[in-house]
Amino acid sequence: MRRKLAAGNWKMNGLAASLAEVEALAKAHPAPRSEVLLCPPATLLAQMAWKAKGGPVMVGGQDCHPEASGAHTGDIAAAMLKDAGASHVILGHSERRADHGETDALVRAKAEAAHAAGLVAVICLGETEAQRDAGTTLDVIGAQLRGSVPDGATAANTVIAYEPVWAIGTGRTPTLAQIAEVHDFLRAELAKRLADAAGVRLLYGGSVKPSNAADIFATSNVDGALVGGASLKAADFGAILAALDSA
Ligand code: 13P
């Protein structure tokens with residue numbers, strides 16, 4: 001009942017020439033069973049949305065400001081992302097939490113802004129290695145979920161991505177049992193707050209690649225992936241999408 005979602009986060013990578021990857025992806029996978037989302041840097045968003053028009057690939061931003069407009073030099077409002085062709089926006093990525101001091105309250109405000117603009121918020125959560133070693137993973141994830149997800153969240157306007165900080169860009173992944181533990185916990189916690197919690201997509205992110213995708217996608221309550229490095233090349237991301245389609 002939950003449509004799977006393969007999401008790519010290009011982070012601060014990609015120039016105009018990289019848009020060829022979108023065309024290659026759409027050509028190789030013209031009608032995937034899963035939803036497909038690519039989140040390029042803001043500079044490429046409008047061009048990518050234009051290239052992806054009419055095909056299977058949806059386009060998203062990587063951040064937005066909590067306010068609708070105003071004097072915030074360098075920031076981007078949710079309505080601007082929507083206007084440029086985005087349907088989604090990634091919020092609360094651990095790199096933004098670390099690099100820009102984003103708090104749960106700020107992420108929640110951004111998610112409210114995204115919802116008001118008609119965007120799906122892809123809200124990211126995840127423990128650090130020190131927190132996992134200390135045995136506090138579920139406490140950390142639970143607090144981030146309560147703090148970052150607004151009351152107006154629904155299965156239609158919100159996706160949750162579990163991304164352990166220590167698994168991002170490191171080639172290391174949690175065990176499948178560790179992923180299942182967190183995803184089952186997220187589902188149960190969401191059910192305490194949201195009427196349609198059973199329909200909310202839960203993505204895993206952190207060193208997902210073609211070689212580990214099928215195992216991760218067979219794990220309890222994993223409805224797709226948020227992919228960083230392996231989303232930059234259509235061949236790799238396409239292989240991950242194919243694994244999701246056959247999961
Ligand atoms: P990697 O897939 O490069 O580990 O990045 C994951 C991520 O942070 C996606 O948002």
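This chain uses plain numbering: 1 for the first residue, then up along the sequence. Order of appearance sets the numbers: ligands from 1, and atoms from 1 within every ligand. All values derive from a computational prediction rather than experimental measurement.
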message: Measuring from atom 5 (O) of ligand 1, which candidate in E95, E163, K11 has the nearest non-hydrogen atom?
response: K11
query: Are R146 and D104 ion-paired here, with the side-chain N under 4.0 Å from a carboxylate O?
result: no
- prompt: Does a salt bridge link D151 with R108, judged by any charged N lying under 4.0 Å from a carboxylate O?
  reply: yes
Within the 4.0 Å heavy-atom shell around [X], which atoms of ligand 1 are there?
| X | answer |
| --- | --- |
| N9 | 9 (C), 10 (O) |
| S207 | 1 (P), 2 (O), 4 (O) |
| G206 | 4 (O), 6 (C) |

Protein heavy-atom partner closest to atom 2 (O) of ligand 1 - residue, atom, separation in Å: G228 N, 2.9 Å
query: In terms of residue, atom name and distance, what is the protein heavy atom nearest to atom 3 (O) of ligand 1?
result: G229 N, 2.8 Å
- prompt: Between Q62 and W10, is a side chain to side chain donor-acceptor pair (under 3.5 Å) present by the stated rule, with each step listed?
  reply: CA-CA 9 Å; Q62 298 179 8; W10 280 15; over 6 Å; no
message: With the threshold set at under 4.0 angstrom, would you say G169 reaches ligand 1 through any of its heavy atoms?
response: yes
task: Could you say whether the N/O atoms of T170 and ligand 1 ever approach to under 3.5 Å?
output: no
Polar contact flag for G205 and ligand 1 (N/O pairs, less than 3.5 Å): no
field: Check: V227 and D236 side chains under 4.5 Å, non-hydrogen atoms
entry: no
